[in-house]
Amino acid sequence: MSEKHVFKSELQQILNLITHSLYSHKEIFLRELISNASDAIDKIRFNSLQNDPLLEGDRDWKIRLVVDKEARTLTVSDNGIGMDHDALVENLGTIAKSGTKAFLESLKQADAAAKPGLIGQFGVGFYSAFMVADKVTVISRPAGAQGAMKWESDGLGEFTVDPAERAGRGTDVVLHLKEEEKEFLAEYRLRSIVKQFSDFIEHPVVIDADKGEGKTEEETLNSRKALWLRSKVDVTPEEHEAFYKQISDDYDAPAKVIHYAAEGTLEFKALLYIPKRKSWDLQFAEPKVGPRLYINRVQIMDHCEALLPPYLRFVKGVVDCSDLPLNVSRELLQHNPLLEKIQKSLVKNVFQALNDLRASEPETYEGVFKELGPFLKEGLARDFANREQICDLLLVGSLKTEAGRTTTLAQYVEAMPEGQQDIYFLTGEDRAVLEHVPALEAFRHRGWDVLLLTDPIDAFVFPTLPDYKGRAFKAADRHQPELDPEEKKKEEEAAEAYKPLLGLLKGLIGGLKDVRLTRRLKESASCLTSDEDAMDPHMERLLQKLGQGAGPRERVLELNPDHPVVKGLLEIHAKDMTDPRIEAYGRLLHDQALLAEGSRLADPTGFVKRLNDLLLKDALRS
Ligand SMILES: Nc1ncnc2c1ncn2[C@@H]1O[C@H](COP(=O)(O)OP(=O)(O)OP(=O)(O)O)[C@@H](O)[C@H]1O
């Protein structure tokens with residue numbers, strides 16, 4: 001009796017999506033199956049580098065398409081690594097790949113128009129077979145084993161596993177095509193799909209081609225071109241696009257191609273692509289970092305992490321190095337000085353390519369930066385040696401750019417007026433709120449620009465940046481522009497006059513580190529600041545949201561001595577130190593400052609009451 005299993009629930013949902021939502025591009029099932037077959041061949045070839053007998057003499061790598069018109073089946077066969085009972089059960093039924101859950105969640109939340117795009121991004125792999133088949137049979141025999149196993153399912157919820165027969169190592173995926181999918185039995189159709197989607201697969205994809213009069217002849221359908229080995233000028237943009245799509249599952253062309261051959265002490269070929277947008281695994285799954293590693297055309301690893309730092313995980317491609325020994329172990333590859341050198345070169349070239357793109361196609365670059373900028377910013381925190389280069393690539397909004405427009409740091413520094421030494425920035429959730437933060441008034445007044453940073457990662461990264469082109473980064477809400485001598489004198493005089501009032505307010509309001517006068521305000525009466533070494537208030541709010549924030553921190557309330565309300569308060573205090581309006585107005589000034597920076601009021605009811613008292617007085621007066 002057959003051994004019965006049920007699909008894992010996430011897989012059932014995926015299968016449901018595949019059969020009910022994926023109507024377009026059904027032909028990609030063949031790309032997925034050929035790609036799995038090719039991976040299986042790479043695996044056995046790699047293992048055999050250290051254990052040759054494993055191959056039992058069969059090293060004629062091949063992916064074979066077999067059509068049976070009468071039975072209405074299409075079979076994709078390989079002589080790859082094969083699967084035993086447990087591998088079949090786990091790989092094809094019980095384990096959904098990492099990120100599936102997160103992907104399904106976001107799919108639920110996406111609006112209807114965005115859904116097909118999202119589903120399209122998700123690599124459905126083996127299960128795409130159920131787009132065209134109402135039953136799939138997999139017969140597999142692992143390398144080194146005698147017997148084979150058969151896996152079978154109609155994709156509806158269950159699958160069975162039974163012992164079976166197979167001559168030699170490898171896997172046959174037999175698709176029992178649906179009546180309406182008969183087109184996938186036609187040789188011309190299979191030829192064109194392989195050409196379109198699997199042309200660069202390294203191993204031959206063969207079919208017994210019909211030569212007329214009942215004769216057939218084995219024919220290889222894919223060109224197997226290794227683009228990275230060819231000279232740069234010989235590869236057309238169309239070939240790049242097709243190859244990139246094949247290795248990335250992206251449906252769009254890449255934003256930029258990086259293709260070069262390093263010569264000299266270290267020889268390698270690199271063909272890398274910068275995508276236009278982030279792939280689904282960057283959003284939902286544990287991303288696969290690093291390009292493929294080949295040694296003289298033999299694929300060693302699908303993703304070689306040692307070749308690129310994690311923050312450049314959006315880069316796809318291939319590196320082929322002839323200087324590495326073929327039988328190198330994966331562990332050794334992790335800390336290999338040769339790979340470290342290659343990484344340095346790749347990183348340099350990625351930066352160069354992004355810079356070129358920024359200069360030659362600014363609009364494309366803006367789109368790419370919107371998608372991939374947060375990854376690059378991670379590099380600011382992790383890759384100190386390349387900070388300056390990463391800073392060169394940043395696009396940031398500022399007080400002087402229109403909403404939605406950006407500037408580069410180089411442009412910002414270039415435009416700094418005389419007297420401005422440092423780069424000022426402010427982080428927050430929303431540009432519209434940031435624009436009105438009172439602490440910016442003095443900057444506006446002087447004509448100094450301030451970077452307005454609204455990407456969540458900005459609050460973590462910018463406060464840690466030391467400088468760019470010798471200009472220090474300073475938070476605009478904690479550092480004010482230097483005062484000129486006249487302003488300084490005025491401030492000292494005012495400080496003397498206001499001292500008793502400020503001391504009283506500190507006691508009355510409570511919870512404040514200090515109450516001071518400020519010159520950073522021009523229009524507003526008050527603002528809240530922190531000491532220069534304190535945490536960025538936006539970062540603090542973010543950490544509190546994540547449940548990692550410390551308790552509320554003591555802030556400094558700053559008052560503008562030129563503002564009529566503050567002057568009025570000084571007069572009230574001079575007449576009667578015990579006037580209750582001192583506390584009420586002081587608290588209003590404090591709450592105003594909180595609202596202006598986008599923070600929450602600790603006592604909204606008290607605020608409303610005090611405001612209403614004022615409104616009432618005004619109403620009674622008129
Ligand atoms: N022809 C095959 N030979 C050996 N193992 C296979 C074969 N086809 C599939 N598998 C195994 O089944 C697993 C699941 O395959 P599936 O196509 O669903 O996902 P994947 O290939 O891992 O991911 P993706 O489709 O995103 O590349 C593979 O990782 C592999 O271990």
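Order of listing sets the numbers, starting from 1, for every ligand and every atom in it. For the numbers below, each heavy atom of this structure counts, side chains included, while hydrogens, waters and symmetry mates do not.
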Atoms in ligand 1 with a heavy atom of Leu92 nearer than 4.0 Å = 12 (O)
Under 3.5 Å, N or O to N or O, is Asn36 touching ligand 1 that way?
-> yes
Tell me, please, which residues at least two apart from Ser248 pass side chain to side chain donor-acceptor pair (under 3.5 Å).
-> none
At a 4.0 Å threshold, what atoms of ligand 1 neighbour a non-hydrogen atom of Glu32?
-> 25 (O)
Ion pair check, Glu105 and Lys101, cut-off under 4.0 Å = no
Residues two or more places apart in sequence or in another chain: which of them pass salt bridge (charged side-chain N to carboxylate O under 4.0 Å, His left out) with Asp78?
-> none
Hey, which atoms in ligand 1 end up nearer than 4.0 Å to a heavy atom of Phe126?
-> 16 (P), 17 (O), 18 (O)
Is any NZ, NE, NH1 or NH2 atom of the basic residue among Glu179 and Arg72 found under 4.0 Å from an Asp or Glu carboxylate oxygen of the other?
-> yes
Dump the intermediate steps for side chain to side chain donor-acceptor pair (under 3.5 Å) on Asn16 and Gln12, then the final yes or no.
-> CA-CA 6 Å; Asn16 224 344; Gln12 289 209 26; over 6 Å; no
Between Asp42 and His203, is a side chain to side chain donor-acceptor pair (under 3.5 Å) present by the stated rule, with each step listed?
-> CA-CA 9 Å; Asp42 286 335; His203 309 293; 2.9 Å; yes
Just jot down the ligand 1 atoms closer than 4.0 angstrom to any heavy atom of Asp78, in number order.
-> 1 (N), 2 (C)
Glu202/Arg45 ion pair, N-O < 4.0 Å | yes
Between Asn91 and ligand 1, find which residue part has any heavy-atom pair under 4.0 Å and reply side chain, backbone, both or neither.
-> both
Residue portion contacting ligand 1 (non-hydrogen atoms closer than 4.0 Å) for Leu33 | neither
Going by the order shown, which atoms of ligand 1 are within less than 4.0 Å of some heavy atom of Tyr127?
-> 18 (O)
Atom indices of ligand 1, in the order listed, that fall short of 4.0 Å to a heavy atom of Gly125 = 17 (O), 25 (O)
